Amino acid sequence: MERKYFGTDGIRGRANEHPITAECALSVGMAAGRYFRRDGSNRHRVVIGKDTRRSCYMLENALTAGLAATGMNVLLLGPIPTPAVGLLTRSMRADLGVMISASHNPHYDNGIKFFGPDGFKLSDAAEREIEAYLESGVLLPEPSEIGSAKRIDDGLGRYIEYAKTTFPKDLRLNGLTLVLDCANGSAYRAAPEVLWELGSEVIPMGVSPNGFNINEKCGSTDTRHVAGMVRDFGADVGICLDGDADRVLIVDESGEIACGDQILGLFADRWSKVGRLANDKVIATIMSNLGLESFLADKGIALDRTAVGDRYVVEAMRAKGCNLGGEQSGHVVMTDYATTGDGLVAGLQFLAAMVETGKRASELARVFHPVPQILRNEFYSTDESPLLADSVRGTIRDGQRQLNGRGRLVVRKSGTEKIIRIMAECENTAIMEQIVSEIADSIRAIN
């Protein structure tokens, strides 16, 4: 059964438009509460975190009302990174964790992500069951069973202390100057505190959220300013988080950007050498560069690919007994530390590599030569996906024939925005650019 509300990462959309309305959030809260109380047990606790969008207040209150109406006791964490919700769901023995965030999207979008009692994101099957309750409605309990709500003031502090434990105890960041871009998002307090306490000189940016500037000309989706600051201040490295801090990009001392593939390659190589890489395998998505696959193969490390979405990466990691995976976009999942991508913890592991090896960021952030790649986003306004049009599908088939096994072409609909994402890889850049342009033109032609 196709899901109507849930996409690749929870429920996502424009704030105050279906399904990201207060009314819908109320219903989602009741449906999720009913799903997690279906066994009739007395364990009925839920933690809710959020990022810094203005619309989070609206959704937080509506979700709280819906969950409490079904008997769930709600613990409100306030602005906190997504990985912290996974951590605290498990450590506080909650039945459910909720993160209100649209991740790297602009402020006018928002979303609702769910975590199960084990701290991992819900499966497709669980999301379908919640949708079934949304469709059928929920029978509410007696007044005596209505839940309560409570603010948890030390949730962020718990996460800060945990994040520090992931950094080697015998190392410090003394003498290291770094630019930290928190995207005016949920890590604006936690990340600077952690890095300062570990000894680094932190030059912060994106730490003044106002409800509307999250991911605006900052963070992992716009690295121009942080790259300039790294060069201007002569910093050793830059760390760019996104709005909910579950992804990271690294900026070396010259201002060059290292994507998630390079970070995965570095960690996989280091972990493999000390026998720490589980099953000598890394999980990535169909978007990861062929250069990463070749680099890992030379090291005797396998690369398995999944659909796009860190949730699918984690599901494959758990099924195949792997402890490292991620996405080119900067989700780096290390299940030794977290149940989902954690940009701050991944950044700490990169900094640990710098301290341990004494190497510059540029030496560690370029572990393989990437195959030339084009990534293009084409927005669309039609109700149906342009990928259903015969003209677009035909153009994609023509592109595949032109590549003829000499590269890769991935064209997909975003699970969070009305965007068609086009990715092509080929050593022949002229052919690659032509193929991408023709596909983009065919999409625009039916908009």
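These figures come from a predicted structure and were not determined experimentally. Numbers for residues simply follow the sequence, beginning at 1.
Among residue pairs with one or both ends in residues 372-383, those qualifying as salt bridge (charged side-chain N to carboxylate O under 4.0 Å, His left out) are Glu378-Arg444; sequence neighbours excluded. Within the structure, salt bridge (charged side-chain N to carboxylate O under 4.0 Å, His left out) pairs that include any residue of residues 199-224 comprise Asp222-Arg224 (at least two apart or interchain). Under the salt bridge (charged side-chain N to carboxylate O under 4.0 Å, His left out) criterion, the residue pairs touching residues 111-120 are Asp9-Lys113, Lys113-Asp244, Lys113-Asp246, Asp118-Arg318, with sequence neighbours excluded.
Once rounded to the nearest 0.5 Å, the distance linking OH of Tyr162 with CD1 of Ile160 reads 15.0 Å. In this structure, CD1 on Ile283 lies 12.0 Å from CD on Glu315, to the nearest 0.5 angstrom. Summarising the geometry, atom CG belonging to Leu77 is positioned 10.5 Å from atom CG belonging to Asp153; distances are rounded to the nearest 0.5 Å. Atom OG of Ser186 is separated from atom OH of Tyr159 by 8.5 Å, given to the nearest 0.5 angstrom. Distance check, rounded to the nearest 0.5 Å: CD1 of Ile263 to CG of Leu292 gives 11.5 Å. Atom OG in Ser329 sits 8.0 Å away from atom CG in Leu249 (nearest 0.5 Å).
For His104, there are no ring pair (Phe, Tyr, Trp, His ring centres under 6.0 Å) partners at least two apart in sequence or on another chain. Listed by chain and residue number, Ala389, Ile446 satisfy the side chain to side chain contact (heavy atoms under 4.5 Å, CB included) test with Ser391 (two or more places apart in sequence, or in another chain). Under the side chain to side chain contact (heavy atoms under 4.5 Å, CB included) criterion, Glu293 pairs with Leu290, Leu303, Arg305, sequence neighbours left out. Residues passing the side chain to side chain contact (heavy atoms under 4.5 Å, CB included) test with Ala125, sequence neighbours excluded: Ser123, Arg128. By the salt bridge (Lys or Arg N to Asp or Glu O under 4.0 Å) test, Glu256 is found to be paired with no residue, residues two or more places apart in sequence or in another chain being considered. For Asp181, there are no salt bridge (Lys or Arg N to Asp or Glu O under 4.0 Å) partners two or more places apart in sequence or in a different chain. The salt bridge (Lys or Arg N to Asp or Glu O under 4.0 Å) test applied to Arg393 returns no partner, not counting sequence neighbours. Annotation: side chain to side chain contact (heavy atoms under 4.5 Å, CB included) contacts of Asp398 (sequence neighbours excluded): Arg401.
Although no hydrogens or angles enter the test, the distance criterion places no donor-acceptor pair under 3.5 Å between the side chain of Gln400 and the main chain of Ile396. No side-chain donor-acceptor contact under 3.5 Å links Gln349 to the backbone of Phe167. Proximity of a side-chain donor or acceptor of Thr89 to a complementary backbone N or O of Val85 within less than 3.5 Å is detected. With Asp252 contributing its side chain and Gly255 its backbone, the two residues share a donor-acceptor pair below 3.5 Å. Judged by distance alone, with hydrogens and angles left aside, the side-chain atoms of Thr177 form no donor-acceptor pair with the main-chain N or O of Ser200 at under 3.5 Å.
The pair Asp342-Arg247 does not meet the salt-bridge criterion, since no charged nitrogen lies less than 4.0 angstrom from a carboxylate oxygen. Salt bridge Glu193/Arg189: absent, no basic N to carboxylate O contact under 4.0 Å. Ion pairing of Arg53 with Asp109 is absent here, as no side-chain N (NZ or NE/NH1/NH2) approaches a carboxylate O to less than 4.0 Å. In summary, Glu127 and Lys4 do not engage in a salt bridge, as defined by a charged side-chain N under 4.0 Å from a carboxylate O.
Applying the 6.0 Å contact sphere to CD of Glu135 captures more than 12 heavy atoms from other residues, nucleotides or ligands. Atom CD of Glu145 sits in a crowded spot, with more than 12 heavy atoms from other residues, nucleotides or ligands closer than 6.0 Å. Atom CZ of Arg408 sits in a crowded spot, with more than 12 heavy atoms from other residues, nucleotides or ligands closer than 6.0 Å.
Between Trp271 and Tyr337, the ring-plane angle classifies as perpendicular under the 30° and 60° cut-offs.
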**Request:** Go through Ser55 and Asn110 one step at a time and tell me if the side-chain hydrogen bond (donor to acceptor under 3.5 Å, both in side chains) criterion holds.
**Result:** CA-CA 7 Å; Ser55 59; Asn110 216 327; 2.7 Å; yes

**Request:** Might you work through the side-chain contact (heavy atoms from CB on, under 4.5 Å) test for Val74 and Lys150, ending with a clear yes or no?
**Result:** CA-CA 6 Å; Val74 182; Lys150 177 183 179 181; over 6 Å; no

**Request:** Go through the steps to decide whether Asp242 and Ser103 satisfy the test side-chain hydrogen bond (donor to acceptor under 3.5 Å, both in side chains), and finish with yes or no.
**Result:** CA-CA 7 Å; Asp242 70 333; Ser103 189; 3.0 Å; yes

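Side-chain contact between Leu96 and Phe115: absent, with no pair of heavy atoms (C-beta onward) separated by less than 4.5 Å. Side-chain contact check for Met92 versus Val47: some heavy-atom pair is nearer than 4.5 Å.
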Would you tabulate the side-chain donor-acceptor contacts of residues 60-70 under 3.5 Å, counting partners in other chains and residues two or more places apart, or write 'none'?
{"residue": "Glu60", "atom": "OE1", "partner": "Lys50", "partner atom": "NZ", "Å": "3.1"}
{"residue": "Glu60", "atom": "OE1", "partner": "Arg151", "partner atom": "NH2", "Å": "3.4"}
{"residue": "Glu60", "atom": "OE2", "partner": "Arg151", "partner atom": "NH1", "Å": "3.3"}
{"residue": "Asn61", "atom": "ND2", "partner": "Tyr57", "partner atom": "O", "Å": "3.1"}
{"residue": "Thr64", "atom": "OG1", "partner": "Glu60", "partner atom": "O", "Å": "2.7"}
{"residue": "Thr70", "atom": "OG1", "partner": "Leu67", "partner atom": "O", "Å": "2.8"}

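Counting all heavy atoms, side chain and backbone alike, Ala361 lies closest to Phe350 at O-CZ, 3.8 Å.
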